[in-house]
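Data block below; observations after.
The structure presented is a predicted model; accordingly, all values stated were derived computationally and were not measured. Read the numbers this way: they start at 1 and go in the same order the structure lists the ligands and their atoms. Just the heavy atoms: all of them, side chains too, but no hydrogens, waters or symmetry mates, feed the values below. Residue numbers run from 1 in the order of the sequence given.
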Amino acid sequence: MTDKRKVRKAVFPVAGLGTRFLPATKAVPKEMLTVVDKPVIQYVVDEALDAGIEHLIFVTGRNKGVIEDYFDIQTELEQTLKERNKNAELTLLAEILPKAGTTSFTRQQAPLGLGHAVWCARDIVGDEPFAVLLPDMIMRSEKGCLKGMVELYEQSGGNVLAVEECAPEQAHKYGIVGVGDAVGDGFKITAMVEKPPAGTAPSNFFINGRYILQPEIFGILETQERGAGNEIQLTDGMLKLAKQQQFAGYHFRGETYDCGMKEGFILANVAFALSRGDIRPGVEDQLKALMAALK
Ligand code: UTP
């Protein structure tokens, strides 16, 4: 049966070690690094809220307490802002504060892999479909990526993965899907291959870090053996679920910045700064000058 219950909850796995960003991530979670003036995680939470998500579930780990603080009130700061009549700043803080009771935090005690991190959210998600958003990936597009996925899910039910096109010669770096018949505005996923050897990829559509999954994934992840990198892999669990349930692909057409990588993080800062009327004038000419000096 195709399950089309509303997608109300989103899981943000934020328990990874962020080794590619050391030494910064020794004390600051990579999700709290700022793109212009907001932490990376805020962009991803905004995408989820825009898609109608009502409950945010963070799977955290050691050294990630600051993420919990970020989504709470900061009484002393707000008092000081009030005393100084900093009303714009107070409004800004009020706007990003999630409604009471709409956030949950659970801990992944050891970084055993993305599949294990998602499984740690099982009791909070319960028996309903849910979204997973990899918090390193910031998407930019007219329609939010998860919003488009929810629209497809309303047509297709089952599980939905967002995919993007890569150059065929880059396919070995990604989780690649096989493309089948149309399902609503998307397509049926016929295969999922993690980092296919060169020349063997079933397509050039890669899984970009946004998922809508049915709760049956939890039972599978519970017994999932360790896979690549000796970690419990979400893809391995999805492959098993795909034997019982449909997976549809949503072709996301927009920009994606992988902020778990230095290059992606820097590009995100430049792109978002240039799209902001208050920042662009201060950086555009100097960026051009820097580029010209490179030639
Ligand atoms: P990454 O592969 O980016 O791993 O995980 P990482 O540890 O965060 O970063 P590097 O490679 O050491 O620099 C993809 C997503 O899965 C989460 C991460 O937080 C990230 O959002 N994750 C990964 C967990 O929550 N737990 C894990 O055990 C592994």
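Between F187 and F205, the ring planes lie tilted relative to each other; the angle falls in the 30° to 60° range.
With hydrogens and angles left out, the side-chain atoms of T103 and H55 include no donor and acceptor closer than 3.5 Å. A donor-acceptor contact under 3.5 angstrom links the side chains of Q108 and H116, judged on distance only.
With N269 contributing its side chain and F265 its backbone, the two residues share a donor-acceptor pair below 3.5 Å.
Less than 6.0 angstrom separates the ring centroid of Y43 from the ring centroid of F272.
Ion pairing between a basic and an acidic side chain is recognised when a charged N comes within 4.0 Å of a carboxylate O; E31 and K64 show such pairing.
At a heavy-atom cutoff of 4.0 Å, ligand 1 is surrounded by P13, V14, A15, G16, L17, G18, T19, R20, K30, E31, Q108, P111, L112, G113, L114, A117, P135, D136.
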